[in-house]
Every structure is written in structure tokens, then in C-alpha cells.
Amino acid sequence: MTVNRPRGTRDFLPADTARRSYVENVMRNVVRNWGYSEIITPTFEHLDLFTLKSGEGIIGELYNFTDKGGRDMTLRPELTAPVMRMYVNELQSSPKPLKLFYFENCFRYERPQKGRFREFWQFGVELIGSGKPDSDAEVIALADAMLKAVGVKGEMKIGNLAVIRTLLKGLEPEIVSKVMRLVDKKEYADLEALLDEVGAEEQLKSDLFRLIKLEGRYILPRVKEMVGNIPELAGFEKTLKVLDAYGVDYSLDFGIARGLDYYTGMVFEVYAEGLGAQKQVCGGGSYQLIQLFGGGDVPSTGFGIGFDRIMEICPLEYPAPKTLVLISKPETHLEAIKIAAKLRKYLPVHLDLMERNFKAQLSYANTINADYAVIVGEKELEAGKLTLRDMLSGEQELLTQEEIIEKVSSS
RNA sequence: GCCGGGGUAGGGUAGAGGUUAUCCUGUGGCCCUGUGGAGGCUACGAUCCGAGUUCGAUUCUCGGUCCCGGCCCCA
């Protein structure tokens, strides 16, 4: 009987893993240079943490379980809630703004398809404690910088929920939720039907449709005509000015309407081509979640990047380090081990572990695509040197260990 | 949860209701104990699972499962 990997999970082979961790570190370097600190939260949490945030309805999409103490638990489906929980538990009195990032696996019980797995990785950022325009702008610019650093070209769309909420303030809360869902899905026919059904005013209808069809970078004046000069727009305008200074390319879209109540103002999404039905590679915005978890009234802004989708379209290749294979004979094998120990301080070194003969060791070096073979034979040891063979050109020269390290490192 | 297309060695494939199920590649060993990539020999290695039809099923039928894509959902 063979046991297969669970549905929706993946094995990452050595080459995949090397590339993934390379790209991951490119992204890490960007966020670190923006002054963000990495955190790690538990792989599983109390089920309540997520039902509190997203409602009981998400249980169907969670990998939840009851532990041996009878507690309802779940593998984490995302990291914003855990980070907020961590904040409330341990970080409330730390200096603001608090700038955190994470790179972790998440689990969702969903039907796998292109760009969607049951175990997937999220790279995310949370900026806690500031609701100022500059903070919103920094988070957007950081997402933009991270995507650029890994060579992903996407379309950045920015919106602000205050606009559509102002427009809809005369409607019942549950109607507002329905409207926002339809807006987000761009189902305009259903939207019109719903508005007629609830007897919305003509003015509201025409404004709403105008609003969600507005596109581009310079549509704010027309938005103001509809909702007036609400204070949120002043801040939003400032955010956009900062983004211009950062040189971020974006377009505005007030049809981004994440239905969940804790999104308060700015929202943004990045879409990329080449991903089939799952085009969104990044989503974020400003939100209020901390009160929900028992903390104070602390504004936050954050985003999550779907790392697996990034890997699908990211053009970066892993620059493999130069690799050596030491080739020895039975008489020189122990000496080769001593030499390997020294060389390994600088370079990846392979040694024969299968008692192969000279020729087979060289053949192994070829098979694994080693860059160099280092021959540790009697002749070399007598001379106090080693033969370095370039596996590509076949050229050989007699060198000291130091010369080998120097030559290989600089090639 | 729903719809469509698939599943033959580690990877890629061919075939056929019937004797030992192809071929390529891979990996180990040998030819070959100080010079790899070629070649030869050799070993390893597969019909997704279950039920049904049949004298006989890997092939046909049904169910399951997994993979791929789409819908729904997307915190």
C-alpha cells in the first residue's frame, strides 16, 4: 500500500524548494528594509478566533478539529486574525506604529484548482496603531515594492469603502451588505434588480452606477460630486499624493467592496495575468479588528500576498551556488574527509558515500551537475595540493585549498 | 457543494477483451581500481481502488478516489 499526500497539498522537490526559499528571501529583504519585523504565530488556533472575525459560516472551509481536551481548534486559514490576537495578548504597549510581517502556511478546506490549494503560503504585512494617510500609503507602496522585487507585474487597484458606505447610508445594514457583494462581483443586472426591489431612489441608483463605472487615476473630483467632501476623502487624497511620491502606479476603483464590516476605509487589490481563474495576488486595506479580540480602538492596515500564485508567475531563478565533488581513493579517503570539512566552511561539497571507484565518482559528479571535481589522490597529497577539474570545460589545474576556495568563489 | 476532462514503472509514453503489457528516460551494478558525459550487458520498476458484465477485464459499465480545469466561495 502506498500512502499519497493529502488532497490539495504539494510536495516541493529540491529544485522547487530552492527556488521558493530564494524568492521568499527576496521578499523578506524588501520588508525588512522597510523596517518590518517577522513574527511567527501558531499553526493552529482556537476556532473562536476565526468565527469571531468572519462568522460561523467559515467553519465549512476550515480544517477544524476537537483536541483531546475537547477544545474546538482549527488550522489557521489566514494570519490577520492571529496577528491581531497576538497583538492583544502581548504587544499592546509596544511603540506605535508596530510594523510586523509574516510568511506562513495556511489551510483551507476548499476545492483545489489552479492557484488554489488546501495548504498554501501567505506573505503578509500588518501595520498596527496608525490610521494616518501615510500609513495607508506605505502599506500599498510596500506591497508594490515586494511584487516588483520578484518581477511580478500586476494591476494595482485602490478604493475606499467610505465612499460607497456614504452613498448607501440610507439603506438597511443587511441591504448594504447585499449591495456591496453585488458591486464587488460586478453583477450589475442583479444589483439593479435589488435596488428596485428595496425602492431605492433614482438619484442613489444613478450615483451608484456612475461610481462603480468610474475608472482611472484622476476620478476623485467626480466622486466628490456624488458624496460631497466627506472627511475620509481628504485623508484618502493625501494617501494618493504620498503614493505618487513613492512612484506607485495604480488606478482607483470604488467598486472594490469587501463586504466584511471591519474594513473601514482604504482597500486595495493587485491582479496579475497568467493565473487562470485565481488572478488576485494581493489584497489588503485598513481595518478595525482589535476591539473584536478584546483590545482597544486601534486602527491597522495590512495586506496578504498569495505566495503560491507569485511562484506561478515569478520569473526569478535560483542562482545555484557552485558545487564541488571530492573524488578520492580508498587510500586517500580519510584525508579527503578532512579536506571536505575545511572546504565546507566556504562551499557546498559532496563526498563519496557509496565506496565507488574513481571513475564512478567522477561520473556521479557529472550526474549531479557539479561545477567542479576536486581530485584527492596520492599524487596531489604528495605535492600538498589538489586537482581542480572544471566539469564543464574539462580543464584541470593543481591548486592549494586556498586557491580552490578563491577560484571557485569568484567564478 | 456542483460541472467537465483525465489516471499504464520515479518522469514521459504505446497498446490491446486472451500466453511474458511496449518503448524512451531514470536509478543501482558491471564491462572500466587516476579521469565523467557515448556504448554494451544487467538489475529495479507500472495498468488508481472497489464492485459489476465475462470462461477471462488493465481495456467495457458503475461507484469511489486522486489529478487538471471551471463554477460557488475567497477571510
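Order of the sequence lines sets the chain letters (A, B, ...), proteins ahead of strands, with each chain counted from 1. All of these numbers come straight from a predicted model, not from anything done at the bench. These values consider heavy atoms only, across backbone and side chains, with no hydrogens, waters or symmetry-generated copies.
Rounded to the nearest Å, the gap between the C1' atom of B:A21 and that of B:G36 is 36 Å. Annotation: B:C2 and B:U61 have their C1' atoms spaced 24 Å apart (nearest Å). To the nearest whole angstrom, the two C1' atoms, one in B:G45 and one in B:G39, are 23 Å apart. B:C44 and B:G11: their C1' atoms are spaced 15 Å apart (whole Å). When the P atom is compared between B:U8 and B:A38, the two are found 28 Å apart, to the nearest whole Å. A distance of about 44 Å separates the C1' atoms of B:C31 and B:C49, rounded to the whole Å. The separation of B:U13 from B:G56, taken at their C1' atoms, amounts to 27 Å, rounded to a whole angstrom. Using P as the reference atom, B:G7 and B:C48 are 9 Å apart when rounded to the nearest Å.
Within 4.0 Å of A:T367, counting heavy atoms only, lie sugar-phosphate atoms of the nucleic acid but no base atom. Counting any heavy atom pair closer than 4.0 Å across all strands shown, A:G124 reaches no nucleic acid atom. Among the heavy atoms of the strands lying under 4.0 Å from A:E378 is at least one base atom, whether or not backbone atoms are also near. In this structure, A:A365 reaches neither bases nor backbone, as no heavy-atom distance under 4.0 Å exists between it and the strands shown. Contacts of A:Q122 with the nucleic acid, taken as non-hydrogen atoms under 4.0 Å apart, are absent. If you check every strand for non-hydrogen atoms under 4.0 Å, A:K279 touches nothing. Heavy atoms of A:R76 sit nowhere under 4.0 angstrom from any nucleic acid atom. Residue A:L62 is classed as a base contact, given a heavy-atom separation below 4.0 Å to a base. At a threshold of 4.0 angstrom between heavy atoms, the contacts of A:K359 include nucleobase atoms, whether or not backbone atoms are also involved. At the heavy-atom level, A:G394 lies under 4.0 Å from base atoms of the strands shown. No engagement by A:I327 is indicated, since no non-hydrogen atom pair under 4.0 Å with the nucleic acid exists.
Tested against A:I305, the residues A:M27, A:Q280, A:Q122 include a single side-chain contact (heavy atoms from CB on, under 4.5 Å) partner, A:M27.
Looking only at atom types and distance, the side chain of A:Q396 has no donor-acceptor partner in the side chain of A:T387 under 3.5 Å away.
For A:F101, the ring-ring contact (aromatic ring centres under 6.0 Å, His included) criterion is met by A:F123, not counting sequence neighbours.
Between the side chain of A:D144 and the main chain of A:I140, no donor-acceptor pair closer than 3.5 Å is present. A donor-acceptor pair is defined here as one N or O able to donate and one able to accept, closer than 3.5 Å; no such pair exists between the side chain of A:E138 and the backbone of A:D134. Looking at A:T400, its side chain does come within 3.5 Å of a backbone N or O of A:E403 through a donor-acceptor pair. Remark: side-chain polar atoms of A:R76 are paired, donor with acceptor, to backbone N or O of A:P42 under 3.5 angstrom.
B:C62 is paired with B:G50 under the Watson-Crick or G-U wobble criterion, all donor-acceptor distances under 3.5 Å. Look at B:G4: its Watson-Crick or wobble partner, with both distances under 3.5 angstrom, is B:C68. As the counterpart of B:C44, B:G26 is assigned, both hydrogen-bonding distances of the Watson-Crick or G-U wobble pattern falling under 3.5 Å.
Nucleotides of RNA chain B lying under 4.0 Å from heavy atoms of chain A occupy a range whose first and last members, 5' to 3', are B:G1 to B:A75.
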Stepwise side-chain contact (heavy atoms from CB on, under 4.5 Å) check, A:V408 with A:L388
CA-CA 9 Å; A:V408 175; A:L388 181 71; 4.3 Å; yes
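Ranked by how close their nearest RNA chain B nucleotide is to the 5' end, A:Q396 and A:F117 are led by A:Q396. Along RNA chain B, the nucleotide nearest A:V376 and the nucleotide nearest A:Q280 are compared for position; the residue whose nucleotide lies closer to the 5' end is A:V376.
For the pair A:K407 and A:Y372, the cation-pi test (distance below 6.0 Å, angle within 45°) is failed.
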